Colleague: 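Below is the structure I would like to discuss, written out as structure tokens.
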Amino acid sequence: MTDFQWPWEYTFPPFFTLQPHEETRRRQLKVWTDLFLKYLKHTNRYSLSINDQASPLFHNESLNRRLSPELVLAILGELERSGHANPLDKRRQEWQVYWHTLEEYGNMVYDWVQETGQTNTICTLYEIASGENTSQLDFHGVDEAVLLSALRLLEEKGRCELIEMDGSHGVKFF
């Protein structure tokens, strides 16, 4: 894995403090949300704990600065509003983060199904997320829990039906 390229803001100490001025705070949160998505994609992660204070995402050792839980929650709240994250618990301590929105993942999968003529067939989640037929697609390698959430949206739209057998999932596309 290559080294992650941190934006210049990451070396700017005030970047680690929630800014009081509304416009400055809005820009700060935009940079942070982009950074969260890029970093998590680079590290191939789909979940995040706000208590993971050892992560370089939350702590710049060279500056001796770290994000406050308040700022982390503000960033995750922005990601949630944009459709890129959802809390996994009521206390909002554990989060699932999506590099693309669930709707985007669902559309990518459905487009692939249409292009490869797999309507009215059953696919496993493993086949979709990790199969060799998807290796060149943006959703290849997606966490199966994220894929399942995206497929539930497709199911609500009547584009597929999720099938559960022996604790694993399959999906039939229409």
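Computed from heavy atoms alone, side chains included, the values below leave out hydrogens, waters and symmetry copies. Keep in mind the model is a prediction, meaning the values are calculated, not measured.
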Colleague: Output the distance between atom CH2 (Trp95) and atom CG (Leu88), rounded to the nearest 0.5 Å.
Modeller: 9.0 Å
Colleague: Hey, are Lys38 and Asp34 close enough for a salt bridge, meaning a charged N less than 4.0 Å from a carboxylate O?
Modeller: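 Result for this pair is no, no salt bridge flagged.
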Colleague: Let me confirm one number: the CD-CD distance from Glu127 to Glu132, rounded to the nearest 0.5 Å.
Modeller: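 Here the rounded value is 10.0 Å.
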Colleague: If you group Ile, Leu, Val, Met, Phe, Trp and Tyr by side-chain heavy-atom gaps below 4.5 Å, do Leu125 and Phe174 land in one group?
Modeller: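 Different hydrophobic clusters.
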Colleague: So, Arg92 and Glu80, do they make that salt bridge, N to O below 4.0 Å?
Modeller: yes
Colleague: Output the distance between atom CG (Leu151) and atom CG (Leu162), rounded to the nearest 0.5 Å.
Modeller: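 If I round to the nearest 0.5 Å, the distance is 5.5 Å.
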Colleague: Do Cys123 and Lys172 pass the side chain to side chain contact (heavy atoms under 4.5 Å, CB included) test, and can you show the C-alpha distance, the side-chain angles, and the key distance before you say yes or no?
Modeller: CA-CA 6 Å; Cys123 299; Lys172 180 176 182 177; over 6 Å; no
Colleague: Of all the heavy-atom pairs spanning Arg45 and Tyr39, show the shortest one and how long it is.
Modeller: NH1-CE2, 4.4 Å
Colleague: Apply the test salt bridge (charged side-chain N to carboxylate O under 4.0 Å, His left out) to residues Arg26 and Glu23: give CA-CA distance (whole Å), side-chain angles for both, the deciding distance (0.1 Å), then the verdict.
Modeller: CA-CA 5 Å; Arg26 187 186 62 74; Glu23 179 62 22; 2.4 Å; yes
Colleague: Identify the two heavy atoms, one from Pro14 and one from Gln19, that lie closest to each other, and give their separation to 0.1 Å.
Modeller: O-NE2, 2.9 Å
Colleague: Measure across Ala150 and Gly106 and return the closest heavy-atom pair with its distance rounded to 0.1 Å.
Modeller: CB-N, 3.8 Å
Colleague: Go through the structure and list residues passing side-chain contact (heavy atoms from CB on, under 4.5 Å) with Asp138, not counting sequence neighbours.
Modeller: His100, Met108
Colleague: Quick check: does any side chain N or O of Glu161 sit under 3.5 Å from a backbone N or O of Val171, one acting as donor and the other as acceptor?
Modeller: no
Colleague: Give me the ring orientation class for Trp99 and Tyr46: parallel if the planes are under 30° apart, tilted from 30 to 60°, perpendicular past 60°.
Modeller: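 Parallel.
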Colleague: Hey, does Leu67 have a side-chain heavy atom less than 4.5 Å from the side chain of Ile75?
Modeller: yes
Colleague: Tell me whether Asn86 contacts the main-chain N or O of Val97 through its side chain, where contact means a donor paired with an acceptor under 3.5 Å.
Modeller: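 Looks like no, no N/O pair under 3.5 Å.
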Colleague: We want to know whether Glu94 and Ser49 form a side-chain donor-acceptor pair, criterion being a heavy-atom distance below 3.5 angstrom.
Modeller: yes
Colleague: Begin from the C-alpha positions of Glu22 and Thr24 and carry the test side chain to side chain contact (heavy atoms under 4.5 Å, CB included) through to its verdict.
Modeller: CA-CA 6 Å; Glu22 187 176 333; Thr24 305; over 6 Å; no
Colleague: Would you indicate whether Tyr126, at its atom OH, is surrounded by more than 12 heavy atoms from other residues, nucleotides or ligands within a distance under 6.0 Å?
Modeller: no
Colleague: Ignoring hydrogens and angles, tell me if any N or O in the side chain of Glu155 forms a donor-acceptor pair with the backbone of Arg152 under 3.5 Å.
Modeller: no
Colleague: Quick one: are Asn133 and Thr116 in side-chain contact, heavy atoms under 4.5 Å?
Modeller: no
Colleague: Between Ser135 and His140, does any side-chain donor sit less than 3.5 Å from a side-chain acceptor?
Modeller: no
Colleague: Donor-acceptor check, side chain of Ser168 to backbone of Met165, threshold 3.5 angstrom: yes or no?
Modeller: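 Answer holds: yes.
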Colleague: May I ask you to decide if Ile128's main-chain N or O and Thr134's side chain share a donor-acceptor pair within less than 3.5 Å?
Modeller: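 Here the side-chain-to-backbone pair exists.
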Colleague: Evaluate His169 against Thr124 for side chain to side chain contact (heavy atoms under 4.5 Å, CB included), listing each step before the verdict.
Modeller: CA-CA 6 Å; His169 288 88; Thr124 65; over 6 Å; no
Colleague: Quick check for you: to the nearest 0.5 Å, what is the distance between Ile50 atom CD1 and Leu71 atom CG?
Modeller: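 Answer for the CD1-CG pair, Ile50 versus Leu71, is 11.0 Å.
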Colleague: Could you walk me through whether Leu76 and Phe36 satisfy the side chain to side chain contact (heavy atoms under 4.5 Å, CB included) test, starting with their C-alpha distance in whole Å, then the side-chain angles of each, then the deciding distance to 0.1 Å, before giving a yes or no?
Modeller: CA-CA 9 Å; Leu76 289 167; Phe36 267 47; 4.2 Å; yes
Colleague: Take a 6.0 Å sphere around CD of Glu164 and say whether it holds more than 12 heavy atoms from other residues, nucleotides or ligands.
Modeller: yes
Colleague: Tell me, please, whether Tyr110 has Arg159 positioned over its six-membered ring: NZ or CZ under 6.0 Å from the ring centre and within 45 degrees of its axis?
Modeller: yes
Colleague: Is there a path of hydrophobic side-chain contacts, each under 4.5 Å between heavy atoms of I/L/V/M/F/W/Y residues, joining Leu18 to Leu63?
Modeller: yes
Colleague: Test your reading of the model: is there a side-chain donor-acceptor pair from Gln114 to the backbone of Val109, 3.5 Å cut-off?
Modeller: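 Between the backbone of Val109 and the side chain of Gln114 there is no qualifying donor-acceptor contact (under 3.5 Å).
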Colleague: Could you name each residue pair satisfying salt bridge (charged side-chain N to carboxylate O under 4.0 Å, His left out) that touches residues 102-119, not counting sequence neighbours?
Modeller: Glu103-Lys157
Colleague: Say you draw a straight line from CH2 of Trp6 to CG of Leu57; how long is it, rounded to the nearest 0.5 Å?
Modeller: 5.5 Å
Colleague: Examine distances only and state if a side-chain atom of Ser55 and a backbone atom of Asp52 form a donor-acceptor pair shorter than 3.5 Å.
Modeller: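 No: the side chain of Ser55 does not pair with the backbone of Asp52.
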Colleague: Could you walk me through whether Phe58 and Phe16 satisfy the ring pair (Phe, Tyr, Trp, His ring centres under 6.0 Å) test, starting with their C-alpha distance in whole Å, then the side-chain angles of each, then the deciding distance to 0.1 Å, before giving a yes or no?
Modeller: CA-CA 9 Å; Phe58 295 168; Phe16 285 81; 10.0 Å; no
Colleague: Please report the interatomic distance CG(Leu154) to CZ(Phe173), rounded to the nearest 0.5 Å.
Modeller: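 Here the rounded value is 6.5 Å.
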Colleague: Can any side-chain N or O of Gln93 pair as donor or acceptor with the backbone N or O of Arg91 at less than 3.5 Å?
Modeller: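 Answer holds: yes.
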Colleague: In this structure, are over 12 heavy atoms from other groups packed under 6.0 Å from Arg25 atom CZ?
Modeller: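 Atom CZ in Arg25 is crowded, with more than 12 foreign heavy atoms closer than 6.0 Å.
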Colleague: What do you reckon, are the aromatic ring centroids of Phe4 and His42 less than 6.0 Å apart?
Modeller: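 Ring centres of His42 and Phe4 closer than 6.0 Å.
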Colleague: Nearest heavy-atom pair of Ser82 and Thr101: which atoms, and what distance?
Modeller: O-CG2, 3.5 Å
Colleague: So, Glu78 side chain and Leu29 main chain: donor-acceptor pair closer than 3.5 Å or not?
Modeller: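 Answer holds: no.
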Colleague: Would you call the rings of Phe15 and Trp32 parallel, tilted or perpendicular, taking 30° and 60° as the class edges?
Modeller: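 Ring orientation of Phe15 relative to Trp32: parallel.
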Colleague: Quick one, Pro56 and Glu61 - any side-chain contact, counting heavy atoms below 4.5 Å?
Modeller: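 Not in contact.
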